[in-house]
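Let me begin by presenting the structure, written as structure tokens, before commenting on it.
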Amino acid sequence: MSFSLAGKTALVTGAGRGIGRAIALHLAEAGADVAITYARSEAAALEVKQAVEAMGRKALTFQADAVDGARAEAVITAIVAEWGRLDILVNNAGITQDTLILRMGEQQWDDVIDTNLKSVFNYSKAAVKPMMKQRSGSMINIGSIVGVNGNAGQTNYSASKAGMIGFTKSLAKELGSRSVRVNVVAPGYIKSDMTDKLPEATLAAITAGIPLGRAGETDDVAAAVHFLASDEARYITGVVLHVDGGMVM
Ligand code: NAP
């Protein structure tokens, strides 16, 4: 009953900073060896590696654009070659490019769908083989409440996160017989670089509508991921766990 991840290995995409970083550190603290990918934040990713190693765990870093399917395959092959298994996959890498649909260009649509949704296909597909072979595994996709509720100015982002929910439920049904679980953690408003770029007034309005009365911390999301990654969550698959202070209920 300890939610220990000792002996497990994990991969977190886009984990040099923000929510991904918190997840990587949290999983390591719970006992897992942790591999992370980054796109641009090399120095930050190396700091995460050092922090994981300082906890006495093993760490690997990979420069990998999450949109690149061949690179995803290579990253997971390298982890399995090095550590022999992959127990936990956290699809965290994501971007926003917010604007109203009248102003949204095709590139803004494609970039957000590719980074937030195609990336989930890329890493999940690559992780399926080792996890099916092990007959165990936990995949956790970082969604958003916007994928459930929608949000003006985020048609691309909310479509990517809603698509992720359908993908997760379908894959959970495909892999259930092999004891591989697939779930979504859907954050609300969490303090990070992604939300720092929103105007003060928007942030104040969002916070006023949160039943728990505050913005979330990256660690609030990491704790939920930790739970779903653990064996204590062994009978949970295909769910969307909202970590949002009660914004969606
Ligand atoms: P963030 O601070 O902007 O961090 C985004 C992370 O994604 C960075 O580590 C970045 O890596 C990585 N990334 C972006 N594009 C990538 C690509 N093409 N390939 C690989 N990695 C890439 O955002 P965050 O708030 O931590 O968000 C993390 C996840 O939580 C996202 O999926 C986001 O949609 C979701 N989320 C966030 C909130 C919130 O309120 N913050 C709410 C709901 C959902 P580099 O720095 O190396 O580019």
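All ligand and atom numbering here is 1-based and tracks the order in the structure. Since the structure is predicted, the reported quantities are computational estimates derived from the model, not experimental observations.
Checking only distances, Ser144 never comes within under 3.5 Å of ligand 1, N or O to N or O. Here's the thing with Thr195: none of its N/O atoms is less than 3.5 angstrom from an N/O atom of ligand 1. An N or O contact shorter than 3.5 Å links Ala39 to ligand 1 by distance. Polar contact check, Thr37 against ligand 1: no nitrogen or oxygen pair lies under 3.5 Å apart. Not a single N or O atom of Tyr38, backbone or side chain, sits closer than 3.5 Å to an N or O atom of ligand 1. Residue Ile19 has at least one N or O atom closer than 3.5 Å to an N or O atom of ligand 1. At under 3.5 Å, a nitrogen or oxygen of Ile190, whether backbone or side chain, sits near a nitrogen or oxygen of ligand 1. Below 3.5 Å of separation, one finds no N or O of Tyr189 facing any N or O of ligand 1. In terms of polar-atom proximity, Ala66 is counted as a contact of ligand 1, with an N or O under 3.5 Å from an N or O of the ligand. Looking at ligand 1, you won't find any N or O of Gly20 less than 3.5 Å from one of its N or O atoms.
With hydrogens left out, the protein atom closest to atom 21 (N) of ligand 1 is Ala93 CB, 3.4 Å, a heavy atom. Nearest protein heavy-atom neighbour of atom 46 (O) of ligand 1: Ser41 OG, 2.5 Å. Distance from atom 36 (N) of ligand 1 to its nearest protein heavy atom, with residue and atom name: Tyr157 OH, 3.5 Å. The shortest contact between atom 18 (N) of ligand 1 and any protein heavy atom is with Asp65 OD1, 2.9 Å. From the protein, the heavy atom lying nearest to atom 14 (C) of ligand 1 is Arg40 NH2, 3.5 Å. The protein heavy-atom contact nearest to atom 7 (O) of ligand 1 is Gly94 N, 3.5 Å. Taking atom 32 (O) of ligand 1 as the reference point, the nearest protein heavy-atom neighbour is Asn92 O, 2.7 Å. At the top of the distance list for atom 2 (O) of ligand 1, counting protein heavy atoms only, stands Arg17 NH1, 3.4 Å.
Atoms of ligand 1 found under 4.0 Å from any heavy atom of Ile95 (numbered from 1 in listed order, with element): 14 (C), 15 (N). Of all atoms in ligand 1, numbered sequentially from 1 with element shown, those under 4.0 Å from a heavy atom of Gly18 are 2 (O), 26 (O). Listed by atom number, the atoms of ligand 1 under 4.0 Å from Ile142 heavy atoms are 29 (C), 30 (O), 32 (O), 35 (C). Atoms of ligand 1 lying under 4.0 Å from at least one heavy atom of Asp193, given by number and element, are 2 (O). Here is the list of ligand 1 atoms found below 4.0 Å of a heavy atom in Gly14: 6 (C), 8 (C), 9 (O), 12 (C), 21 (N). Under a 4.0 Å criterion applied to the non-hydrogen atoms of Thr115, ligand 1 contributes the atoms 15 (N), 16 (C), 18 (N). For ligand 1, the atoms closer than 4.0 angstrom to any heavy atom of Ala64 are 19 (N), 20 (C).
In this structure, Lys191 has no heavy atom closer than 4.0 Å to ligand 1. By the 4.0 Å heavy-atom criterion, Ala45 is excluded from the residues contacting ligand 1. Note on ligand 1: Gly143 sits in its first shell, one or more heavy atoms being nearer than 4.0 Å. Within the structure, ligand 1 lacks Gly216 among the residues with a heavy atom less than 4.0 angstrom away.
Across all non-hydrogen atoms, the minimal contact from Ser124 to Leu171 is CB-CD2, 3.9 Å. Closest approach of Ala233 to Phe227, counting heavy atoms only: CB-O, 3.3 Å. Nearest approach of Met139 to Ala127, heavy atoms of both residues: CE-CB, 4.2 Å. The two residues Ala24 and Val34 come nearest to each other via the heavy atoms O-CG2, 3.7 Å. In terms of heavy atoms, Ala30 sits closest to Phe3 at CB-O, 4.3 Å. Asp87 approaches Ser136 most closely through the heavy-atom pair OD1-OG, 4.5 Å.
Of the heavy atoms in Lys161, only side-chain atoms (C-beta onward) come closer than 4.0 Å to ligand 1. Of all the heavy atoms of Ser119, none lies under 4.0 Å from any atom of ligand 1, so neither backbone nor side chain is involved.
The heavy atom nearest to atom 38 (C) of ligand 1, considering only Ala215, Gly188, Gly16, Ser192, is found in Gly188.
Environment of CZ in Phe121: sparse, with no more than 12 heavy atoms of neighbouring residues, nucleotides or ligands closer than 6.0 Å. Around CD1 of Ile101, the count of heavy atoms belonging to other residues, nucleotides or ligands within 6.0 Å does not exceed 12.
Within the structure, side chain to side chain donor-acceptor pair (under 3.5 Å) contacts touching residues 235-244 (residues at least two apart or in different chains) do not occur. Applying the salt bridge (charged side-chain N to carboxylate O under 4.0 Å, His left out) rule to pairs touching residues 8-33 yields Lys8-Asp231, Arg17-Asp193, sequence neighbours excluded.
Rounding to the nearest 0.5 angstrom, the gap separating the CZ atom in Arg71 from the CZ atom in Phe62 is 7.0 Å. One finds the CG atom of Asp65 at 12.0 Å from the OH atom of Tyr38 (value rounded to the nearest 0.5 Å). For the atom pair Ile142 CD1 and Asn116 CG, the distance stands at 12.0 Å (nearest 0.5 Å). Atom CH2 in Trp83 sits 4.0 Å away from atom CG in Leu60 (nearest 0.5 Å). Distance check, rounded to the nearest 0.5 Å: CZ of Arg234 to OG of Ser138 gives 13.0 Å.
Looking at Thr218, Thr195, Asp219 one by one, the single match for side chain to side chain contact (heavy atoms under 4.5 Å, CB included) with Ile190 turns out to be Thr218. Under the side chain to side chain contact (heavy atoms under 4.5 Å, CB included) test applied with Val225, the options Ile19, Val185, Ile88 reduce to a single match, Val185.
Val240 and Ile140 fall into different hydrophobic clusters, where Ile, Leu, Val, Met, Phe, Trp and Tyr side chains are chained together by heavy-atom contacts under 4.5 Å.
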